[in-house]
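Presented below is the structure to which this report refers.
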Amino acid sequence: MSGAGATAGADEGDPVREAGEAAATLRERYDELARIEGRIADLGRDRIEAAADAYRRAHRVLDQYEEDAVGTGDFGSYVQFRGQFGEAVDVGDDALAADAFAAADAAVDKRRLSESDFAAAREALEPAGEYVDLLADRDEAVDDYRAARKAARDARKALDARLEGLREVADMADADLDADVDRLRGPIESYNDAVRGAFREFYKSASAREVFAFLDRADGTPFVDADVPPTDLREYVDEYEAGEEPLPTLLEYADYSNSKLEHYVDDPGALRTAVAVHRTYVERLDPEPLTLDWPPAGGDELAYEIDELIPLVSRVADDETVATLRSVRELARGEEYERLRRAAAVRDALDDAELDLLERGVIEDRVREAERTLSVVEDVLAETEDGA
C-alpha cells in the first residue's frame with residue numbers, strides 16, 4: 001500500500017510471529033541469567049571472584065616460570081617460582097576449590113621440577129577454573145539477556161505498527177470488494193488521458209499570455225491547484241510583444257545569443273531576465289491540476305470539482321473530453337457512487353495480501369492474534385525488567 005501495507009502484508013517476516021519468538025527468547029535468556037546469578041549468590045560472589053583470581057594468578061606464574069624452573073635450570077628462577085606460586089595458591093581452608101589449590105602446590109613442591117609437574121599442577125587447578133568459567137558464563141548471559149531485551153523491544157515496536165496496520169485493514173471490511181470499480185476507473189482514466197493531451201497541445205500552441213490567463217482563472221477555483229506565474233514573468237509576457245509567442249518558443253529564445261535574439265525580440269535583456277531565470281517554472285507546468293484523482297473524492301466533492309473544471313477544460317479540450325467529464329459527474333451524483341468509490345479506495349489502499357485477509361474474512365482473527373501477542377510481549381518485558 002500504501003498505509004497499512006508495510007505492516008499488514010504476507011506472513012514472511014511477520015511481526016506477530018517475530019514478536020512472539022523474541023518474547024520467548026527473552027524469557028529463556030532471563031531465566032538462564034537468573035539461574036547463573038542464583039548459583040553465584042549461593043556460593044558467594046566474593047568467594048567466587050577470589051577463587052577465580054587465585055586461579056588466574058597461579059596460571060600466570062606457571063606460564064612465566066615453566067621454561068626456566070624445570071630440570072637443572074636457573075636455581076634463582078626456581079626459588080622465585082616456588083615463592084610466587086605458593087603465594088598465588090595460598091587460600092584459606094574454607095575457600096572455594098581449596099583442595100585444588102593445595103593439590104596444585106603439592107604437585108610442584110619438589111627439589112627438581114619437570115614439565116610433567118607443571119602439567120600436574122595445571123590439572124590440579126581445573127576445579128578452580130570452573131569459577132572462572134562461571135563468571136565468564138555470567139558475563140555472556142548478561143550480554144545475551146541485554147541483546148534479547150533490545151530485540152524484544154524492537155519487535156514490540158514493529159508489532160505495534162503491524163497491529164495499527166491490521167486495524168486499518170479491519171476498518172475497511174465494510175467495502176464491497178465485488179463492486180465493479182471499472183465503472184468509475186474507465187471514464188476517469190479516459191478523461192485524464194484526454195485532458196493531459198489537450199493541455200500539452202494548448203501549452204505548445206497558445207500564446208504565453210493565453211496560458212497565463214488560463215492559469216490565473218484556474219487558480220481562482222478552490223478545487224484546482226494551478227501554479228500561477230511569477231510576477232516578473234507575468235509582467236514581461238503582458239507588456240512585451242514576445243508574450244504573443246508560445247512558452248516553448250520563449251524558452252528557445254532564452255538560449256539564443258544576444259546577436260541572434262535581437263532579430264526576434266525588442267529587448268533581449270528583458271527576455272533573459274524574465275524568462276531564463278524562470279525556466280524551471282515554465283518547464284514544470286503540466287496538466288495535473290485539471291485531472292481527477294484516483295481513487296476519486298466523495299460524491300459531493302467530486303461533483304463540485306467537476307463543476308469548476310468544466311468551464312476551464314472547455315477552453316483547452318474538445319467536446320468529447322468535456323462530455324466524458326460530465327459523465328463522471330453524473331456517476332458522482334448516482335446512488336451507486338459511494339459503494340463504488342469505497343471499493344476503489346480500499347483496493348487502492350491495500351496490497352494483495354491485505355485484500356486477501358478481507359476477502360477470506362479473517363482480518364478480525366489476525367487483529368486478535370496480534371493483540372494477544374502484544375500483550376504477551378509486554379508482560380514478558382515487564383517481568384524480565386530486573387535483569388542485569
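Here the structure is a predicted model, which means the values were calculated and not measured. Values below: every heavy atom of this structure, side chains too, minus hydrogens, waters and symmetry copies.
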Presence of salt bridge, Asp365 and Arg368, under 4.0 angstrom = yes
Leu125 and Ala58 have their tightest heavy-atom pair at CD1-CB, 3.8 Å
Working to the nearest 0.5 Å, report the span between CG of Asp139 and CG of Leu33.
-> 10.0 Å
Would you check if the side chain of Asp318 reaches a backbone N or O of Thr321 as a donor-acceptor pair within less than 3.5 Å?
-> yes
Can Asp105 and Arg82 be said to form a side chain to side chain contact (heavy atoms under 4.5 Å, CB included), step by step?
-> CA-CA 9 Å; Asp105 192 37; Arg82 286 297 300 132; 3.3 Å; yes
Separation of Arg57 CZ from Leu62 CG (nearest 0.5 Å) = 13.0 Å
So, are Arg342 and Asp176 salt-bridged, with charged N and O less than 4.0 Å apart?
-> no
Once you round to the nearest 0.5 Å, how far does CG of Leu302 lie from OH of Tyr337?
-> 4.5 Å
Sub-3.5 Å donor-acceptor pair from the side chain of Arg347 to the main-chain atoms of Leu177, do we have one?
-> yes
Salt-bridge present (Asp255, Lys260; N to O < 4.0 Å) = no
For the pair Glu338 and Arg341, find out whether any cationic side-chain nitrogen is under 4.0 Å from an anionic carboxylate oxygen.
-> yes
Any Lys/Arg nitrogen of Asp307 or Arg333 sitting under 4.0 Å from an Asp/Glu carboxylate oxygen of the other?
-> yes
Are the charged groups of Lys157 and Asp154 less than 4.0 angstrom apart, N to O?
-> no
Decide, yes or no, whether a salt bridge links Glu32 with Arg29 under the criterion of side-chain N to carboxylate O below 4.0 Å.
-> no
Phe202 and Phe214: aromatic ring centres closer than 6.0 Å?
-> yes
Identify the two heavy atoms, one from Val195 and one from Pro287, that lie closest to each other, and give their separation to 0.1 Å.
-> O-CB, 4.1 Å
Which atom of Val346 lies closest to which atom of Ala175, heavy atoms considered = CG2-CB, 3.5 Å
NZ/Lys110 to CG/Asp117 distance, rounded to the nearest 0.5 angstrom?
-> 3.5 Å
Are Ile40 and Leu134 side-chain neighbours, meaning at least one heavy-atom pair lies under 4.5 Å?
-> yes
Are the side chain of Tyr281 and the backbone N or O of Asp227 linked by a donor-acceptor pair below 3.5 Å?
-> yes
Would you indicate whether the side-chain heavy atoms of Arg196 and Asp193 approach each other to under 4.5 Å?
-> yes
Can you tell me if Glu354 uses its side chain to pair, donor with acceptor, with the backbone of Asp351 under 3.5 Å?
-> yes
Is there a side-chain contact between Leu163 and Leu374 (heavy atoms, below 4.5 Å)?
-> yes
Kindly compute the distance separating CZ (Arg138) from OH (Tyr145), expressed to the nearest 0.5 Å.
-> 11.5 Å
Salt bridge (charged side-chain N to carboxylate O under 4.0 Å, His left out) evaluation trace for Arg339 with Asp174 | CA-CA 10 Å; Arg339 183 173 68 92; Asp174 64 306; over 6 Å; no
For side chain to side chain contact (heavy atoms under 4.5 Å, CB included), just list the numbers for Leu290 and Tyr191, CA-CA rounded to whole Å, side-chain angles, deciding distance to a tenth of an Å, and then say yes or no.
-> CA-CA 10 Å; Leu290 302 177; Tyr191 163 74; 4.3 Å; yes
Check: Val275 and Tyr253 side chains under 4.5 Å, non-hydrogen atoms = no
Decide yes or no for Leu350 and Leu357: does some side-chain heavy atom of the first lie under 4.5 Å from some side-chain heavy atom of the second?
-> no
Please examine the side chains of Phe81 and Leu113, heavy atoms only from C-beta on, and report whether any two atoms are closer than 4.5 Å.
-> yes
Quick check: does any side chain N or O of Arg279 sit under 3.5 Å from a backbone N or O of Leu251, one acting as donor and the other as acceptor?
-> yes
Are the side chain of Arg47 and the backbone N or O of Asp94 linked by a donor-acceptor pair below 3.5 Å?
-> yes
Is there a donor-acceptor pair closer than 3.5 Å between any side-chain N or O of Gln84 and the backbone N or O of Val61?
-> no
Option from Glu241, Glu239, Glu245, Glu244 for which salt bridge (Lys or Arg N to Asp or Glu O under 4.0 Å) with Arg209 holds | Glu244
Taking only residues two or more places apart in sequence, or in another chain, which ones meet Arg167 in a salt bridge (charged side-chain N to carboxylate O under 4.0 Å, His left out)?
-> Glu371
Considering non-hydrogen atoms only, spot the tightest contact between Pro248 and Lys204 and give its length.
-> CG-CA, 4.0 Å
Applying side chain to side chain contact (heavy atoms under 4.5 Å, CB included), name anything that partners Glu87, two or more places apart in sequence or on another chain.
-> none
Counting N and O atoms only, with roles assigned by atom type, does the side chain of Asn192 sit under 3.5 Å from a partner on the main chain of Leu292, one being a donor and the other an acceptor?
-> yes
Counting N and O atoms only, with roles assigned by atom type, does the side chain of Ser190 sit under 3.5 Å from a partner on the main chain of Pro187, one being a donor and the other an acceptor?
-> no
Spell out, as yes or no, whether a donor-acceptor pair under 3.5 Å connects the side chain of Arg156 to the backbone of Ala19.
-> no
Salt bridge or not for Arg185 and Asp182, using N-O below 4.0 Å?
-> yes
Assess the side chains of Tyr203 and Asp286: does a donor N or O sit below 3.5 Å from an acceptor N or O?
-> no
Between Arg329 and Glu305, is any pair of side-chain heavy atoms under 4.5 Å apart?
-> no
Does the distance from a Lys or Arg side-chain N to an Asp or Glu carboxylate O, for Arg56 and Glu49, drop under 4.0 Å?
-> no
Using a 4.5 Å cut-off on heavy atoms from C-beta on, say whether the side chain of Tyr30 contacts that of Val380.
-> no
In this structure, CD of Glu335 is separated from CG of Leu340 (nearest 0.5 Å) by 12.0 Å
